[in-house]
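Working notes, structure below.
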Amino acid sequence: MTLSLFDSQSQQLRAFEPITPGCASIYVCGPTVQSAPHVGHLRSAVAFDILASWIRFGHGFGVKLVRNVTDIDDKILVNAAAQGVEWQALAVSVEGEFNSVYQSLSADADLTPHATAYIIDMIALIERLISRGHAYQAADGSANVFFDSASWADYGELTNQAIESMEGEEVASHGRRRATDFALWKAAKSDEPDTAAWQSPWGLGRPGWHIECSAMTRSVLGEHFDIHGGGLDLRFPHHENELAQSRAAGFEFANYWMHNGLVTVGGQKMSKSLGNGVSVEELFEQGSAVAVRYWLASAHYRSTLDYSPSAVAEATAAVARIQNFVKRLPEMPTAVAASDLPSAFVVAMDADLNVPAALAVLHDSVRQGNVRLDSNQDAAPEARAVAAMLRALNLNLASEVSVDADLAARVEELIARRADARANRDFELADRIRHEISQLGVTIEDTQTKTTWSLNG
RNA sequence: GGUGGAGUGGCUGAGCGGCCCAAAGCAGCAGCCUGCAAAGCUGUAAAACCACGGGUUCAAAUCCCGUCUCCACCUCCA
């Protein structure tokens with residue numbers, strides 16, 4: 001089976017053929033650590049984690065998933081100043097928030113390079129662009145350096161736009177020649193902290209947005225790598241500019257471009273400027289981390305995903321269904337391989353990561369397994385299939401909240417007393433105990449052999 | 001104005017020429033289980049006439065033309 005991916009540059013499905021056989025290099029645009037993460041960031045992280053996970057588990061390739069951290073940027077400086085903190089401190093604390101969310105969603109990258117660690121690489125790249133005639137220092141004598149968009153005939157190739165149609169009303173300024181030229185290096189400003197300025201051949205300053213990704217992909221993955229990903233809203237100008245400057249510098253750059261769809265709230269894009277972002281806290285109040293991950297994966301990665309509390313509730317129910325099947329199993333297989341995957345699942349995943357269709361196969365296996373268990377048949381084949389599919393999707397059902405030991409002991413004791421009462425057919429007492437247990441915020445479930453319990457909500 | 005994407009049952013959401021009298025999940029209904037519940041499991045209805053109007057084809061949700069509506073990018077954003 002071959003994996004076909006929708007390449008958003010050529011706008012068609014293409015068979016995935018890695019540059020190095022058996023190895024995939026993926027670069028995904030991570031956060032600019034300026035303010036707390038929101039649902040949109042999580043969707044992107046989960047989408048590309050599933051991509052990496054599928055290539056790794058489903059195809060047995062080695063995968064290097066890189067997700068950068070842009071830790072120097074206008075907004076970081078602005079927000080830090082507004083909060084009266086050092087910009088580095090803000091960047092570090094916001095990054096910490098991102099990391100903890102990524103971790104709870106099982107969406108960690110293999111490598112997370114930071115922009116500020118690659119300033120030297122960026123300066124070298126800018127010098128290279130200048131020497132090749134694709135960049136220029138500002139005519140006003142400042143340290144500003146711009147990419148010369150007119151010098152690069154392919155500018156606009158990623159988003160299929162003609163450069164003439166992009167020049168809006170904006171007047172060239174800061175020594176910039178054309179509206180479509182963009183900053184590679186920004187001169188230091190007097191109202192910005194000294195710590196946010198670096199020495200360069202053009203004077204004190206800091207990198208423009210876009211250049212960090214070109215520098216880091218080259219340093220970390222080389223001049224030619226397999227997949228570049230990110231949110232759809234990064235296609236232009238960010239990725240278009242990245243592509244232009246990298247190609248103009250003489251690099252082949254990415255073979256495939258992938259863009260995940262955006263998250264909306266009530267049909268409107270969730271964005272910082274609209275202020276309608278759903279916070280991570282708010283999201284995690286609606287369901288567990290697994291349920292949230294399931295919800296984020298429940299629509300195809302290129303579709304728009306609309307947020308609502310009930311959507312997460314549905315995901316919670318779907319996850320519970322799978323969990324209940326696993327609970328019913330005498331044993332959940334741990335050592336699974338791609339060969340345990342149902343072929344329909346493989347077909348779905350290979351078709352540009354059709355996770356919704358893959359989840360349908362997962363539920364089919366769960367239902368078939370339940371039927372077998374109901375008739376006291378061995379459900380081991382279904383168990384293996386389910387375990388393998390969960391693994392392929394990197395859905396970790398086990399990540400449950402830990403329970404206070406004292407509470408657990410009390411509940412266990414009450415359940416034992418209730419069991420005695422039921423054995424003695426003293427149902428009035430049994431019901432009183434059940435009520436008492438519910439007062440502890442715990443729901444119990446009777447099965448044929450035992451009583452299980454779980455925390456409410 | 002330019003560049004893309006979308007409109008499928010009560011809801012979410014796949015399918016993108018014949019396997020579709022349209023997957024899966026949720027909700028609904030019924031049965032099983034239970035001391036009773038809850039939970040769970042199983043099964044299952046409906047006009048889903050696949051936004052609307054034409055067309056191509058032996059065959060269309062799927063292709064073509066037109067219309068309507070919605071969304072995104074073209075400014076910082078995953």
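The sequence lines fix the lettering, A, B, ..., with proteins before strands; numbering per chain opens at 1.
Taking atom CG of residue Asn160(A) and atom C1' of nucleotide G4(B), one finds them 9 Å apart after rounding to whole Å. Rounded to an integer number of Å, the gap from Tyr301(A) OH to G13(B) P is 17 Å. Nucleotide A6(B) holds its C1' atom 13 Å from the CG atom of Leu262(A), rounded to whole Å. The separation between Phe236(A) atom CZ and C76(B) atom P is 9 Å, rounded to whole Å. Following rounding to the nearest Å, Met389(A) (CE) and A24(B) (C1') show an atom-to-atom distance of 12 Å. Counting to the nearest Å, the P atom of U3(B) and the CG atom of Leu232(A) are 17 Å from each other. Atom-to-atom, CD of Glu428(A) to C1' of A37(B) comes out at 16 Å; the value is rounded to the nearest Å. Atom C1' of nucleotide A78(B) and atom CD of Glu97(A) are separated by 16 Å, given to the nearest angstrom.
Straight-line distance between the P atoms of U3(B) and C65(B): roughly 15 Å, to the nearest whole Å. A gap of 16 Å separates the P atoms of A24(B) and A46(B), to the nearest Å. The C1' atoms of G17(B) and C33(B) are separated by 47 Å, rounded to the nearest whole Å. Taking atom C1' on both A61(B) and C74(B), the two are 32 Å apart, rounded to the nearest angstrom. Annotation: G5(B) and A37(B) have their C1' atoms spaced 49 Å apart (nearest Å). Distance noted for atom P between A51(B) and U57(B): 23 Å (whole Å). When the C1' atom is compared between C52(B) and G28(B), the two are found 31 Å apart, to the nearest whole Å. On the C1' atoms, G9(B) is 15 Å away from G15(B), given to the nearest whole Å.
One cannot find a donor-acceptor pair under 3.5 Å joining the base of C71(B) and the side-chain atoms of Lys269(A). A donor-acceptor contact under 3.5 Å links the side chain of Arg434(A) to the base of A37(B). With hydrogens and angles ignored, a donor-acceptor pair under 3.5 angstrom links the side chain of Asp431(A) to the base of G35(B).
Within 6.0 Å of CD in Glu413(A) there are 12 or fewer heavy atoms belonging to other residues, nucleotides or ligands. Within a 6.0 Å radius of CD in Glu86(A), no more than 12 heavy atoms belonging to other residues, nucleotides or ligands are found.
Pairing partner, U75(B): none, since no Watson-Crick or wobble contact has both distances short of 3.5 Å. For G31(B), the paired nucleotide is C41(B), the pair qualifying as Watson-Crick or G-U wobble because both relevant distances are below 3.5 Å. Pairing partner, G9(B): none, since no Watson-Crick or wobble contact has both distances short of 3.5 Å. When both pairing distances are held under 3.5 Å, A51(B) makes a Watson-Crick or G-U pair with U67(B). Base pairing of C16(B) is not made with any nucleotide, judged by Watson-Crick or G-U wobble geometry with both donor-acceptor distances under 3.5 Å.
In this structure, Arg67(A) fails the cation-pi test against Phe48(A), since its NZ or CZ atom is not both closer than 6.0 Å to the six-membered ring centre and inside 45 degrees of the ring normal.
Remark: the backbone N or O of His210(A) is paired with a side-chain donor or acceptor of Glu212(A) at under 3.5 angstrom.
As judged by a 4.0 angstrom heavy-atom cut-off over every strand, Ala317(A) is placed among residues touching the sugar-phosphate backbone only. Contact annotation for His300(A): backbone-only contact, meaning every heavy-atom pair under 4.0 Å involves sugar-phosphate atoms and none involves a base. Within the nucleic acid shown, Val361(A) has no heavy atom closer than 4.0 Å to any nucleic acid atom. Contact annotation for Phe427(A): base contact, defined as any heavy-atom pair under 4.0 Å involving a base atom. Across all strands, Ser303(A) comes closer than 4.0 Å only to sugar-phosphate atoms, never to a base (heavy-atom distances). If you check every strand for non-hydrogen atoms under 4.0 Å, Asp73(A) touches nothing. Residue contacts shown for Gly231(A) are limited to sugar-phosphate atoms, with no base heavy atom under 4.0 Å away. Residue-level contact check: Gly229(A) touches neither bases nor backbone, having no heavy atom under 4.0 Å from any strand.
The side chain of Val371(A) sits closest to U42(B) out of U75(B), U42(B), C36(B). Checking G4(B), C73(B), G15(B) against the side-chain heavy atoms of Gln11(A) singles out G4(B) as nearest. Side chain of Asp364(A), nearest nucleotide from A23(B), U75(B), A78(B): A23(B). When distances run from any side-chain atom of Gln161(A) to the nucleotides A78(B), G40(B), G2(B), the shortest one goes to G2(B).
Both Glu314(A) and Val366(A) lie near RNA chain B, and the one whose nearest nucleotide falls closer to the 5' end is Glu314(A). Where His238(A) and Leu359(A) meet RNA chain B, the nucleotide closest to each residue was compared, and Leu359(A) sits on the side nearer the 5' end.
Checking the phosphate oxygens (OP1, OP2) of G40(B), no side-chain nitrogen or oxygen of Asn370(A) falls inside 4.0 Å. An OP1 or OP2 oxygen of U42(B) is reached within less than 4.0 angstrom by no side-chain nitrogen or oxygen of Arg367(A). Phosphate contact (OP1/OP2 of A39(B), side-chain N/O of Asn324(A), threshold under 4.0 Å): absent. Regarding contacts with the backbone of G25(B), a side-chain N or O of Arg321(A) is found under 4.0 angstrom from either OP1 or OP2. For Thr180(A), no side-chain nitrogen or oxygen approaches OP1 or OP2 of C74(B) to under 4.0 Å. Residue His41(A) has a polar side-chain atom (N or O) positioned under 4.0 Å from OP1 or OP2 of A78(B).
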Fill in: Verdict with supporting geometry, Asp340(A) and Arg391(A), salt bridge (charged side-chain N to carboxylate O under 4.0 Å, His left out)
CA-CA 11 Å; Asp340(A) 294 314; Arg391(A) 176 80 173 283; over 6 Å; no
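The aromatic rings of His134(A) and Trp152(A) sit perpendicular to each other, their planes meeting at more than 60°, with 30° as the lower class boundary. Aromatic ring orientation, Trp257(A) versus His259(A): parallel (interplanar angle below 30°, classes split at 30° and 60°).
Taken from CG in Leu305(A) to CZ in Arg302(A), the straight-line distance is 15.0 Å, to the nearest 0.5 Å. Here Asp108(A) contributes atom CG and Asp49(A) contributes atom CG; the two are 8.0 Å apart, rounded to the nearest 0.5 Å.
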